[in-house]
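Just so it is clear, the structure is predicted and the values come from calculations on it, not from any experiment.
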Amino acid sequence: MKPFGFFHLKGIGGQIAALVLASTVALHLVVTTAFLISRPDRSDAPPDGAHQLTDAALLLGAAEAGERPRLLADLARAFPKLGIEMLAPGTASVEESDNQPLRGMRRHLGRGYKAVQLASRGSQSRIGVELPDGTMIAGHVDGGPRPWFWGAPWLMALMTAFICVTVLGLWAARALAAPLSSFAKAAENFSLDGGAEPLPERGPEEIRSVARAFNRMHERIALLMSDRTRMLAAISHDLRTPITRLRLRAEFIEDEGHRKRMLIDLDQMRAMLESVLSLLRNDRKVEAATLVDIASTLQLIADQFGDMGHVVRYDGPASATAAARPDDLHRGVTNLVENAVRFGAEVTIRLDVLGSRLVIDVEDDGPGISDARKQEVLEPFVRGDDARTMDESTGFGLGLSIARAIALAHGGELSLHDRVPHGLIVRMQLPLWQQPRLAA
């Protein structure tokens, strides 16, 4: 049993619990710091300017009338920013106010003194203090109410909680989601060629367990596919010998019709074996991706089929470059054209550049494929509907599936569409510059 059960720190539950604890501790530290700075449990001391004016008023109030001018001059030199002055009776313009500096001064002045708010001059607040004998002195006070957040601890706590939870939540989301993103990327780029790196086993214990299981699954599937390919290669090798012997024996058949039909059957058996092995080996074939002139490749394919007596033409730009595996791309399009010339009299290879994608259309004027079977015929060994029955000239239902695998390996897709007025359009869409993925 794991230590601490569900709250084991290597697991998701333990890390979430640690995150909540860290957020709570951070919140209390900030609130405690704010409390120690603001000290709402203590009476407010007057701000600095008000404190100086309070001391000056107490000193002048205790001095004799004749000493006050000299003391006032000394105070003006000692506190130049205070701007202390003595006002003539009846010249002070008093305003109604009850701000923090006034409250603090009134608590410290005591009886006989009266602190009032005077009309301001500029941006500074002027406070007057009436001495016990009726004389009034005035000065500029810079101090004012403390910042709003120090005066509202609950608001400070709420803001701090929001910041702590947001920052730590973002960190947790990244720390916990990064391994999941790696897992999704590894699943998307699942490869059987052995060149892909194992999925990193990091993050919480649950995610590491999934990563280990994924890596083991990848190894088992790769081993299974390798064994399958070796087995079928061995079967193909073993079958070539009896097929060859049967072909030699067929040459001695006197009946021309029987001999011809037997040779055709043997050729189909050999072609079927080669097609199956080609499909299986394509899963493990890794060709280097290079910049390829797609237009030149399609024009070359059209010329090759034209040399064999088929009506195949290319329609598209003179040049269009994309990152691709040249041999795989040539093979995939060739399969599509072979399928098209088998059922149509005229075939068009059309190339269009649409934004960041290349669209290759192979169009024929044959009977087409019904909508109900368009997706089905993309699977291996499916030859199409009744309009395309198999004879000695047909394939084995692997051409479209091989072309589709090549398109997917390039990060593209293959789809079937109806051609007007009749026929079929096989559309291969490829990224213009994207690096092709390893065959999966």
Side-chain angles (χ1 to χ4, degrees), residues 25-164:
V25 171
L27 172 61
H28 280 279
L29 286 176
V30 174
V31 172
T32 301
T33 303
F35 176 83
L36 293 177
I37 293 176
S38 62
R39 294 309 301 265
D41 58 323
R42 294 182 178 178
S43 58
D44 294 330
D48 188 47
H51 183 75
Q52 294 172 357
L53 186 59
T54 300
D55 292 342
L58 293 175
L59 180 60
L60 291 172
E64 297 290 339
E67 295 292 330
R68 288 178 180 174
R70 182 180 61 79
L71 289 174
L72 191 64
D74 293 339
L75 290 171
R77 288 193 299 270
F79 308 118
K81 293 184 179 180
L82 188 60
I84 191 170
E85 59 181 338
M86 188 174 296
L87 302 178
T91 61
S93 178
V94 179
E95 296 181 354
E96 292 293 333
S97 179
D98 188 27
N99 54 37
Q100 184 177 341
L102 284 176
R103 292 195 300 269
M105 290 179 66
R106 288 165 183 166
R107 284 195 297 269
H108 287 77
L109 285 172
R111 295 183 179 181
Y113 296 86
K114 183 180 180 182
V116 295
Q117 180 71 47
L118 302 181
S120 300
R121 293 178 181 176
S123 60
Q124 290 181 315
S125 175
R126 297 182 71 242
I127 293 180
V129 179
E130 185 177 342
L131 305 181
D133 61 358
T135 305
M136 180 173 287
I137 62 171
H140 302 297
V141 177
D142 293 329
R146 287 174 178 161
W148 60 271
F149 46 82
W150 296 124
W154 64 270
L155 190 57
M156 183 62 182
L158 182 62
M159 183 175 64
T160 304
F162 175 78
I163 294 175
C164 292

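Taking every heavy atom of both residues into account, L71 and A63 meet most closely at CD1-CB, 3.3 Å. The shortest non-hydrogen separation linking K81 to H140 is O-CB, 4.1 Å. Y113 and A62 get closest at one heavy-atom pair: OH-N, 4.2 Å.
Taking A115 as the reference, L102, M105, R106, L109 meet the side chain to side chain contact (heavy atoms under 4.5 Å, CB included) condition, with sequence neighbours excluded. For R77, the salt bridge (Lys or Arg N to Asp or Glu O under 4.0 Å) partners two or more places apart in sequence, or in a different chain, are D74. With sequence neighbours excluded, the residues that form a side chain to side chain contact (heavy atoms under 4.5 Å, CB included) with L72 are L60, I84, M86.
In this structure, CD on Q52 lies 10.0 Å from CG on L75, to the nearest 0.5 angstrom. Interatomic distance, L82 CG to H51 NE2, rounded to the nearest 0.5 Å: 11.5 Å. Expressed to the nearest 0.5 Å, how far CG of L87 lies from CG of L118 amounts to 6.5 Å.
A salt bridge links R126 and E85; the closest N-O separation between the charged side-chain nitrogens and carboxylate oxygens is under 4.0 Å.
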Could you give me the CA-CA distance, side-chain angles and deciding distance for V129 and M136, then say whether side chain to side chain contact (heavy atoms under 4.5 Å, CB included) is met? CA-CA 5 Å; V129 179; M136 180 173 287; 6.0 Å; no
